[in-house]
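To start, the structure under review is shown below, and the notes come after it.
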Amino acid sequence: MEKFKEFLMKYRGAIIGGIVAFLILLTHFYELIIGIILIALGIYVGNYIQLNKEAVKDKLKKFIDKM
């Protein structure tokens with residue numbers, strides 16, 4: 001029984017993380033999380049492009065020329 005307690009104390013973070021991940025999968029909460037991440041990524045990319053128009057144009061031109 002003592003070894004079991006040691007195991008729980010040593011790996012409690014991993015156990016809690018596994019339980020949380022399992023609950024997220026069961027509730028399909030990951031779909032909301034992915035949506036929020038995509039929205040945040042879109043905001044970041046749009047802001048970057050707006051602030052660095054010339055650099056983005058040059059990079060796109062070079063990429064298209066390589067193809």
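Here, residue 1 is the first one in the sequence, and each next residue gets the next number. Note that the coordinates shown come from a computational prediction; the quantities given were computed from them, not determined experimentally.
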If you group Ile, Leu, Val, Met, Phe, Trp and Tyr by side-chain heavy-atom gaps below 4.5 Å, do I33 and F22 land in one group?
no
Co-membership, hydrophobic cluster, residues I34 and L25, 4.5 Å side-chain:
yes
CG on L60 to CG on D65, rounded to 0.5 Å:
10.5 Å
Take F29 and L23 through the test side chain to side chain contact (heavy atoms under 4.5 Å, CB included) and record every step on the way to the result.
CA-CA 8 Å; F29 188 63; L23 289 175; over 6 Å; no
Assigning hydrophobic clusters by single linkage (Ile, Leu, Val, Met, Phe, Trp, Tyr; side-chain heavy-atom cutoff under 4.5 Å), is V45 placed with I37?
no
If you round to the nearest 0.5 Å, how far is CG of N52 from CG of N47?
9.0 Å
Does the side chain to side chain contact (heavy atoms under 4.5 Å, CB included) test come out yes or no for E54 and K57, once each step is laid out?
CA-CA 5 Å; E54 294 301 320; K57 284 182 186 178; 4.0 Å; yes
L26-V20 co-clustered via ILVMFWY side chain contacts under 4.5 Å
no
ring-ring contact (aromatic ring centres under 6.0 Å, His included) filter on Y30, not counting sequence neighbours, yields H28
Below 30° counts as parallel, above 60° as perpendicular, anything between as tilted: where do the rings of F7 and F4 land?
parallel
Inter-residue atom distance K10.NZ - I15.CD1, 0.5 Å rounding
12.0 Å
Same apolar cluster (I L V M F W Y, side chains within < 4.5 Å links), L51/I49:
no
